[in-house]
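In what follows, every chain begins at residue 1, and chains take the letters A, B, ... in the order their sequences are listed. From a predicted model like this one, the values you see are computed outputs, not experimental measurements.
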Amino acid sequence: MAHPNGRGAAGQTAAEGLGPVVNDFTLTAATVNGSGSQSANLVLTRALFAMGIPVAPKNVFPSNIEGLPTWFNVRLSPRGYQARRAHTDILVALNAQTWQADAAGMPSGGVVIHEATLPRTGDAAREDCTFYPVPFQRLAKERVANPDLRKYLTNMIYVGVVAELLGIEDAALGSALDAQFRSKPRARSSNLEAIEMGRSYVRESLVKQDGFRVERMNGTEGELLVEGNLAAALGCLMGGCTVMAWYPITPSSSLCEHLIALADRYRTDQATGERRMATIQAEDELAAVGMTLGAAWAGARAMTSTSGPGISLMAEFVGFGYFAEVPAVIFDIQRVGPSTGLPTRTMQGDVSSAYTLSHGDTRHPVLLPGTVSECYEHARLAFDLADRFQTPVFVLSDLDLGMNLWRSRSFAYPQGPFDRGKVLSADDLECLGAPFARYADVDGDAVPWRTLPGTDHPGAGYFTRGSGHDDHARYTESSTAYRGTMERLARKFETIRRAMPAPLCLEEGSEIGLIAYGSSDAAVGEARDMLAERGIDSDYCRVRALPVHADVEGFVARHPRVYVIEQNRDGQLFSILRSELAAALGTRLRSVRYFDGDPIPADAVIEGVLAQEEAPAQAADGLLAAAAATTTTGGRG
Amino acid sequence: MAHPNGRGAAGQTAAEGLGPVVNDFTLTAATVNGSGSQSANLVLTRALFAMGIPVAPKNVFPSNIEGLPTWFNVRLSPRGYQARRAHTDILVALNAQTWQADAAGMPSGGVVIHEATLPRTGDAAREDCTFYPVPFQRLAKERVANPDLRKYLTNMIYVGVVAELLGIEDAALGSALDAQFRSKPRARSSNLEAIEMGRSYVRESLVKQDGFRVERMNGTEGELLVEGNLAAALGCLMGGCTVMAWYPITPSSSLCEHLIALADRYRTDQATGERRMATIQAEDELAAVGMTLGAAWAGARAMTSTSGPGISLMAEFVGFGYFAEVPAVIFDIQRVGPSTGLPTRTMQGDVSSAYTLSHGDTRHPVLLPGTVSECYEHARLAFDLADRFQTPVFVLSDLDLGMNLWRSRSFAYPQGPFDRGKVLSADDLECLGAPFARYADVDGDAVPWRTLPGTDHPGAGYFTRGSGHDDHARYTESSTAYRGTMERLARKFETIRRAMPAPLCLEEGSEIGLIAYGSSDAAVGEARDMLAERGIDSDYCRVRALPVHADVEGFVARHPRVYVIEQNRDGQLFSILRSELAAALGTRLRSVRYFDGDPIPADAVIEGVLAQEEAPAQAADGLLAAAAATTTTGGRG
Amino acid sequence: MTATATPPPAAGPRNRIGIGRETYKGLPTTLCAGCGHNSITNHLIKALYESAIPPHRLAKTSGIGCSSKAIAYFVESAHGLNAVHGRMPSITTGAKLADRELVMVGISGDGDTASIGLGQYCHLIRRNVDCTYIVEDNGVYGLTKGQFSATADIGSVQKKGQVNEFETIDICGLAVELGASFVARSFSGDGKQLVPLLRAAFAHRGTAVLDVISPCVTFNDHEGSTKSYEYVKAHDTVLQELDFIPADREIVVDYPEGTTTTVRLHDGSEMVLRKLGPEHDPSDRLAALRVVLEGRSRGELVTGLLYVDPEMADLTERERLPQVPLRDLGEAELRLSPDAFAQLLAEWA
Amino acid sequence: MTATATPPPAAGPRNRIGIGRETYKGLPTTLCAGCGHNSITNHLIKALYESAIPPHRLAKTSGIGCSSKAIAYFVESAHGLNAVHGRMPSITTGAKLADRELVMVGISGDGDTASIGLGQYCHLIRRNVDCTYIVEDNGVYGLTKGQFSATADIGSVQKKGQVNEFETIDICGLAVELGASFVARSFSGDGKQLVPLLRAAFAHRGTAVLDVISPCVTFNDHEGSTKSYEYVKAHDTVLQELDFIPADREIVVDYPEGTTTTVRLHDGSEMVLRKLGPEHDPSDRLAALRVVLEGRSRGELVTGLLYVDPEMADLTERERLPQVPLRDLGEAELRLSPDAFAQLLAEWA
Ligand SMILES: Cc1ncc(C[n+]2csc(CCOP(=O)(O)OP(=O)(O)O)c2C)c(N)n1
Ligand SMILES: Cc1ncc(C[n+]2csc(CCOP(=O)(O)OP(=O)(O)O)c2C)c(N)n1
Ligand code: SF4
Ligand code: SF4
Ligand SMILES: [Mg+2]
Ligand SMILES: [Mg+2]
């Protein structure tokens, strides 16, 4: 995006004039990080949610601790859309550093609530928006002596101002405050006071001049409001994870920290203090994945979580897991790469590197959750898959899905036991007859049996190594044994392919097919509605895992033009599909790429599709066109 | 291969009967590693070379220091073929551990020279080969007291036996001994004595019963006999490399050790002992590539060399080099992966991982030398490319090319100065007018200008980082700046594409096109001749770099069926071509894969092509066929 | 699961748990004849047998190198894992967390530990992961054919004449400085010293570091090397004579009054130390540093038990793990109950 | 290339090479107000100015973290490189090899150095790469929001109450044990001590390690933390009062007889040390270990010059590099002559 609060696609404007706009707009609070605006934003979000209004909040924060600009966007949508909108309607401007740009970015007809001391000069002098000056600092100063607390409460005052201007109910605010300050009644009351301060300032000093307002509705019943990383942490807990090794990195850390908190709460024996889970902060990502593999080798369900730089560092060990067939669950909460990139921005940039991570011929199953509920489900599933197929399994989420709150239907309690895969106990070994052969394909599915260290049987032991080995796990440099192993691993990958979640397909015989995955789902769903409104029907296939399921090929085969929509520069899934689907289907595929670092909006999907409906992009047209293509694909809607 | 000395494709036999076979056969010496057989093998090779006979020696050695089986194959070919042949004609059997299997692997009509005490039982009882028992141990014992020396000289005795049986000239042996024991006259004479011992034993005790022999010819004139790693080391030296950081790993170590020796010889000031080159043994590959990047950032031509596991460990830093635009030259002498794999076997398994190494959207130029002379040329070129494009450049060789001796035309002395790329001096900056903008695309080729630390100008400094930056190298989280940088990097990659070595194409309008790269070249050349003999013409395109040159697309467009031949399981170049060439060309591509870990023989190429000429492989046919394909593709010829 | 593996029906002497020495053997070595690593393997077999470690409880881990191959050469029936280069510590840590009942024995080389694996080594020590960590230290990279490793002494001469210009990274000095709970140095040729040290290491709860000088006969056993058999024999300064007394055995030897110190390990077994070399108190961290540093500056190789703190909490204790191995816990212990699950989700609504 | 950068035409005082203090400043900090790292930046600006380091000769390197950002906040006109996490040492090593005339100043954090970067840190020290290596040590990961780092003291309490269960990795103790040539500890709040230490570090040829305790006001400045301003002020045991005397300046202060020690650095400059705390000889490695260890066991933070060996060979010397920077060599010095080339190839024929 040009600016976190930038104007949308050319010509888009907020509700013009004074006609009422109910529950269908976006509000942005521009503040400074480290000022505690986070809790104000949460209270606002939860209050709207409590009124039954579908909300979709998104944080835009810097890779920094204090003093830099941060934006909080909350979208209200009666139809429940959760994708980012490229423009905002109501701006709460509290940050002098960005005041001019923030004001400039507003669409005509927008509303600007701003700290009164910010000057109405330059871009802020425009007359096509409604400006409500509020003396936040003065109000706070009058009541609060402590400067830190004052900075903090300023944010809560804005909640009061917004509540009064939009008509947020007291009861809803009350329950939001309850949730936010569960065990801190003192904090609750001082925050409520600040909200009241804002409310009464509006009542006493401002005259409502715009048409934006909220109304209680029935749009959130039975829903959760949860971040993907918390959902995934719960999935890990319910999936029986007992060893978690991690190294802090944004935006992965919160998954681990949520899991630690859940383990503190649910896995700790109140009497003895014993904890049925090890959570180790490793010295780096190489060690984190090593501990994960070591624990899984010894039979625990083990995981690590990281983001791009950590994935790169894990490359060697993940190849070991692949070749030696050791389970592991690895979360990658993707952020903007390459390298350190933009640590606090979102992207789907690690798809191809995770899929084939490590040197040599390697290939790994990758789960691609597209909703917070799938973050929960796929987290659980990942442990079953890792055990079942004895190989590292990736779960690729991203910053948008992982760190923002999303509305979701409730999560299902898991049915049935853990799938621990093919593990032979001492008794099994006793009944086996033949000597145990660790890497033999006895069942024809190319998945061998294993034993765990500590199994009390003289035939249980075997040797795990990343070098050449035969069916009995003996060291060998034999070409035949090597080729046999590699061919079996390729067959195993086909077994895995069949076991991975199938895509979710919505088809009504349209000419146009859309393929997307992960957090792009929200934007694609909305874009389909908008396209349909323009008379353009599209079918949709949401890929949920790699290796790609055969159904995806079927979907492509049924559509003359298929748009692969993703949030990276190089069209990573597009490339995978180009090389894995039947070659004859290659010409149907077109690539829509968005790589601004903020969550893809529906507009970008529409624009990407329409542009190529008119003039097919050159991405599929080979090398001669490649140079040109790099300037025309990608970019914002 | 089934066995390092295995029988070739079914039905292949050595020259049957007693008809003379001159200069056109393969000899294999089966010994034990750590026994010093290496110098005997070299003397034999050099003697044949000195007789003008085109030789192609290949070592098959274990990942171990002493006591395990090792095989030395030397192929003689009047037409100069250097590819491995899948079978051998003459076996020198000195290793009791492998005696049975070695004998079993001989084709009918073969010759077996063996230690007399090895029993002619089991597979060694066969009557369709000529067996020459020689009491090597006894002969050595009679003359040499020291047991280590005795073990060593046993090998040299075999050279004498072979020389006498095949008719190798004394003069040729003499010059080979000169080369081998350049500064050790004592060693020369005791080795000569051992050779004489072998010669006289044959004269006195054996009767020649086979038809294999050698004759002086004119097939090696003006040629070198050199390993790819030594050639590459010379290329680095001539390319102006001044900082080399490495971590030992087979088969890369010898490149670095050769370079150290060359620097000792050519870069050392005899008077002061000063050395115009830093060669640092790093603590690991992460540090090695870090030192390389640090040195290149500061303006030196810097390199590192490694193999698969090291490439994986370098992933994070290489992504930094890509995004921050820091030059580096990285050799990958490929061995069999994944993981530790088979450290002393060859493969082309790192093509895709090197090409897109690191998380996020990354892409790196990769040179693919196919001959030892290209090892030299590409090494030199890599430094120019790295400086010119300010990005890590890979040179992908492999164990076969790097560690075996190859015949080659002589190397050219470099013309013209180093291409140091776009570097601004203090004077340049003074003339610039505008402030220096590190990442601006001022020339329209997407390649920016840089300055080196230490440049004495107040405007020279800039900040290098792997996080978001604008044209002036200032930190930013701006989406616009980020997207701009990423789009420029994509355009830069297209500039790079045009600057990479074009493929070498041999075309005569055949229906069938063959695409190969790297060390597969030898086998493909031979296979084309053999196919032509069967009446099947084929054109050939040897890819020499990634990103793929536009000429490759042209080649594919001119051929209805194109076989992509490579030494890995997953068809790595095949996949890259599938996803990068025009989609409409996808159906023409077929994949031939060989992944036994030994160098691909011509037979495997032919078999891979013919099998698909009859029934096209399913590799291009998508997911439904994938499971089946994994069992039918690959494998030996 | 019962406590012992089914012993093979072989005859001959057996240990406390009824298992014969044969069972502690491994595959035939593929290392060079005379390699120090092979001697260490033999001492390990003896120590494991004498300490009656149940073979199925043993888990052997290593990195990459000649030394790392050695875990294949003892207790063939036990599980073993050859990790990637330098990463044995993290694998060991993970395995121990999964199953605290495993007896972890890790073998590494000086390249594996002091170069690529240095970070993991230090952090394993910091966590005091319960394991025996043996560095088979020859000052070179054996498997890649003789380059200097980071433990090579400054001034040591390579086979081809190159002189090492860098200060050694001292496996023991480093461990002591980092706060390790058990640090010893020994020599592959000194079974009398090494076997009791190994037995004590098995008995110790926490990381027991053993830096065992282990000459590489192929690449580092020549004149000028400070890790050759000859050099080590000439410069070995042995601190103590050592006896290991298992928990269930009485001290039977009569040590003359005042000549010995006894260290009581966590499991009740004891080490009896009789001073041989310079005075040294193995419970004094600074003294351990002094003895290492001073030895090095005199060109001596000080061997023996350098430091021990038998009571330092190991990682499982610090993590407050239950006695039952984590990997044996099932759905009942690990999942939230349906009620708790519903209640938690209600908080998120 | 001349020796000095063109100074900007500003007025005000100038240093020996005619450059004003302004030129040593960098971009405005984006770190938290009150962060110790900002104080260190200011001390660095002062030290660089006073030592008259030519700005264009300076090369600033760092890893990732709040601390690593700090290289942007001084000498804006100098080249700087923010490496990946924990890998500043290898970048610094490479740059110094390419151009030995660069004055390398590296900044790292305790997470960057003692966790992910520990191996590179140790090996940089082993090579004695000529650079100033500053660890801005706050015991936590600032940039990722307050997790314990490996330098956190055992028993130290996190903001949310969690207690650190692991022994600290002591940046200085480790360096001394590893054989570093210059090791000092200081405190971001003590410019009087830090500025002369920095100047000595610039003058020192070899790796100068400075572990500077630098409180994180946002995540580790509360009660129970052992890296808070309050705690450090209360427990700082200052070894010496320090004066740095450049090579071209006479010692002018009159120190009372016998109260001072003088350390002569490689470039002829001198450090004058006046004992304040416990007796300490900074040329005695074991004494340095003792003072660190004993300080730690008493809960004291010992600051000052812990160890220095001004004459230890640095990496460029060990590598016998020529005086002219390698990166300035051209075709003539680097390529074989056509004759030598032909002769070499003839050997391969
Ligand atoms: C990542 C990686 N880098 C390099 C290697 C090559 N390599 C194998 S063993 C070894 C060194 C072994 O030295 P050491 O640990 O001392 O063991 P030793 O052989 O001396 O017993 C190296 C560098 C590797 N296997 N993996
Ligand atoms: C490979 C990798 N892993 C993790 C991170 C995330 N990360 C950024 S800074 C940091 C720790 C910084 O701590 P420290 O070095 O102590 O610096 P401080 O912020 O405390 O000054 C981490 C883990 C990263 N950038 N790269
Ligand atoms: S090379 Fe050295 S370390 Fe390796 S097995 Fe042989 S003697 Fe042992
Ligand atoms: S978070 Fe801590 S270390 Fe980072 S800038 Fe703020 S005070 Fe400094
Ligand atoms: Mg070693
Ligand atoms: Mg820190």
State whether the number of non-hydrogen atoms from other residues, nucleotides or ligands found under 6.0 Å of C:R318 atom CZ is greater than 12.
yes
Is C:K275 atom NZ crowded by more than 12 heavy atoms from other residues, nucleotides or ligands, each under 6.0 Å away?
yes
Counting only heavy atoms closer than 4.5 Å, note whether D:E294 contacts chain C via side chain, backbone, both or neither.
side chain
Basic-acidic side-chain contact under 4.0 Å: C:E177, D:R296:
yes
Which bit of D:L178 comes within less than 4.5 Å of chain C, counting heavy atoms only: side chain, backbone, both or neither?
both
Can you tell which part of C:L293 gets under 4.5 Å to a heavy atom of chain D, answering side chain, backbone, both or neither?
side chain
Most contact-rich option vs chain C, by heavy-atom pairs under 4.5 angstrom, among D:R127, D:E319, D:M312, is D:R127
For chain D, which candidate among C:G117, C:C122, C:S115 shows the most heavy-atom pairs at distances under 4.5 Å?
C:S115
Would you say D:H123's side chain and C:A114's backbone share a donor-acceptor pair under 3.5 angstrom?
yes
Pair C:L315-D:E165, side-chain contact (heavy atoms from CB on, under 4.5 Å): steps then yes or no:
CA-CA 9 Å; C:L315 181 61; D:E165 298 271 6; over 6 Å; no
Keeping D:R126 on the side-chain end and C:E167 on the backbone end, is there a donor-acceptor pair under 3.5 Å?
yes
